[in-house]
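Okay, so here's the structure we're looking at.
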Amino acid sequence: VENMAELQAEIEVLKQKLTEERSKLNDVELSAAASRLDPVTSLSMKVRRLLRGHQGKVLSMDWCSDRRHVVTTSQDGKMLVWDAFTTNKKHAVTMPTTWVMACAYSPSGALVSCGGLDNKCHVYRLSRDEDVSATKRTVAVHTGYMSCCQFDHSDNQILTGSGDSTLALWDVESCKQMQLFNGHQADVTSLHVSPAETGYTFVSGGADCTAIVWDVRTGQPVQTFEGPQADINSVRFMANGDAFAVASDDATCRLFDLRADREVNCFSKDSVIFPATSLDFSLSGRVLFAGYSDYTVNVWDTLKGGRIAILFGHDNRVSCLGVSPDGCALLSGSWDHTLRVWA
């Protein structure tokens, strides 16, 4: 026990030293460096499409690379594939469990994956000729609920995060685990693969208030970031892969830069008191969209740190959101059982 106490003290001393070293390199604040930039003027986004069909709280969504189709999951145990232009449902799959907490489209758009309280990640092949339910493969199994999943740059590999505090990389064909990522001290809530073409990294956030950047090849953490005072609900890379943002239960969103190795901006207001549940960047990265438990989507200026707009429309907590691959639309899902396409 004494040894443990000594080690704990030594860890705190080393953390303090790291903080001091980082602060020496902190020559200018991002908002000060961006002061000469013109502010983003009014953003006139309206609801262009309303997707109705789920019988329970919408829990997750993902855009297809064709910029038109989306996959969504809900507490009703259904996974739906939609045409966001026409609002028609293309496929519907009933899951063995309610609370289907995660879903993802593969890069080619041929596969979708989902999972939740059954601790498993299932992959389905989308085709017009056969019943989608019949193509089910159970690729991943965790010892806790599955909270997030994303294909890793190809249809062959998928990353999953779980309530058992681990993440894993799986081979879709053989359903074998290729890598285990162990580093979080509590439930993993979100993950996002670096969009950089040469990227072998991804970021994960958890209920331990930390975000960790991992190397897929080694299974080891590359960088660890602390900052939020409460659970991290969502993590998202910028399009260039040099920075990422987190949404947290402490009602803030924070921007971390990998090159500066630190938090460079915090998006918060005294009037924003509800947890931030989800977020995504505009294509340029200048604008950050964040969903909150107070039924709104707040739009932040990434560089200046101020709020540009508030999007009102949902009648319950905004649980997930994502910007389309071409940057032309934003899709938000909510506990009001609906999804809305903003543009």
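Along the sequence shown, residues carry numbers from 1. Any value given below was found using the heavy atoms of this structure, including those in side chains, with hydrogens, waters and symmetry copies removed.
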Margin query: Using modelled atom types and a 3.5 Å cut-off, is there a donor and acceptor pairing between side-chain atoms of D187 and backbone atoms of T189?
Written below: no
Margin query: If you compare all heavy atoms of G291 against all heavy atoms of V318, which two are closest, and at what distance to 0.1 Å?
Written below: CA-CG1, 3.8 Å
Checklist line | Distance (rounded to the nearest 0.5 Å) between L255 CG and W300 CH2 | finding: 13.0 Å
Check: Do the side chain of D164 and the main chain of T143 share a donor and acceptor less than 3.5 angstrom apart?
Finding: yes
Item checked: Donor-acceptor pair, side chain of S190 and main chain of S234, under 3.5 angstrom -> no
Next item on the list: Kindly say whether G56 contributes a backbone atom to a donor-acceptor pair with the side chain of S74 at under 3.5 angstrom?
Entry: yes
Next item on the list: Among V264, V40, L30, find the residue that satisfies the side chain to side chain contact (heavy atoms under 4.5 Å, CB included) test when tested with L303.
Entry: L30
Notebook entry, point to check: So, the side chain of S248 versus the backbone of P228: is there a donor-acceptor pair under 3.5 Å, distance only?
Noted result: no
Note to self: Side chains of L330 and M45, heavy atoms from C-beta outward: is any pair under 4.5 Å?
What the structure shows: yes
Check: In terms of side-chain heavy atoms, does R340 have a donor or acceptor partner in H314 at a distance below 3.5 Å?
Finding: yes
Next item on the list: Using a strict cut-off of less than 4.0 Å between a Lys/Arg side-chain nitrogen and an Asp/Glu carboxylate oxygen, indicate whether R259 and D242 qualify as a salt bridge.
Entry: yes
Checklist line | From L169 atom CG to Q157 atom CD, the distance as rounded to the nearest 0.5 Å | finding: 4.5 Å
Next item on the list: Scan side-chain atoms only and decide if T338 and D336 contain a donor-acceptor pair under the 3.5 Å cut-off.
Entry: yes
Margin query: Would you compute the distance between atom OH of Y105 and atom CG of D62 and round it to the nearest 0.5 angstrom?
Written below: 9.0 Å
Notebook entry, point to check: Is there a donor in the side chain of T252 and an acceptor in the side chain of R254, or the other way round, less than 3.5 Å apart?
Noted result: yes
Margin query: Can you tell whether the side chains of D171 and K176 come within less than 4.0 Å, N to carboxylate O?
Written below: no
Next item on the list: Look only at the side chain of T98 and the backbone of G77, and say whether a donor-acceptor pair between them is shorter than 3.5 Å.
Entry: no
Next item on the list: With rounding to the nearest 0.5 Å, note down the distance linking CZ in R125 to OG in S106.
Entry: 8.0 Å
Notebook entry, point to check: To the nearest 0.5 Å, what is the distance between CZ (F281) and CG (L288)?
Noted result: 5.0 Å
Next item on the list: Mind checking the OG-NZ spacing from S162 to K120? Nearest 0.5 Å is all I need.
Entry: 13.0 Å
Check: Relative to each other, are the rings of F244 and F256 parallel, tilted or perpendicular (30° and 60° limits)?
Finding: parallel
Item checked: Side-chain donor-acceptor pair present, W82, T87, cut-off under 3.5 Å -> no
Next item on the list: Look only at the side chain of D76 and the backbone of K57, and say whether a donor-acceptor pair between them is shorter than 3.5 Å.
Entry: no
Check: Can you check whether A329's main-chain N or O pairs, donor with acceptor, with S324's side chain at less than 3.5 Å?
Finding: yes
Checklist line | Residues D66 and R68 bridged, charged N to O under 4.0 Å | finding: no
Margin query: For D118 and T97, which I'm curious about, is there any donor-acceptor pair between the side chains at under 3.5 Å?
Written below: no
Margin query: Is the distance between the ring centroids of Y295 and F274 under 6.0 Å?
Written below: no
Margin query: Please tell me whether F202 and F237 form a close aromatic pair, meaning their ring centres lie under 6.0 Å apart.
Written below: no
Notebook entry, point to check: Is it true that V172 and Y124 fall in one hydrophobic cluster, defined by side-chain heavy atoms closer than 4.5 Å?
Noted result: no
Checklist line | For the student: nearest non-hydrogen atoms of A168 and H142, plus distance | finding: CB-CE1, 4.1 Å
Notebook entry, point to check: Is it true that a side-chain atom of H153 and a backbone atom of S194 form a donor plus acceptor pair closer than 3.5 Å?
Noted result: yes
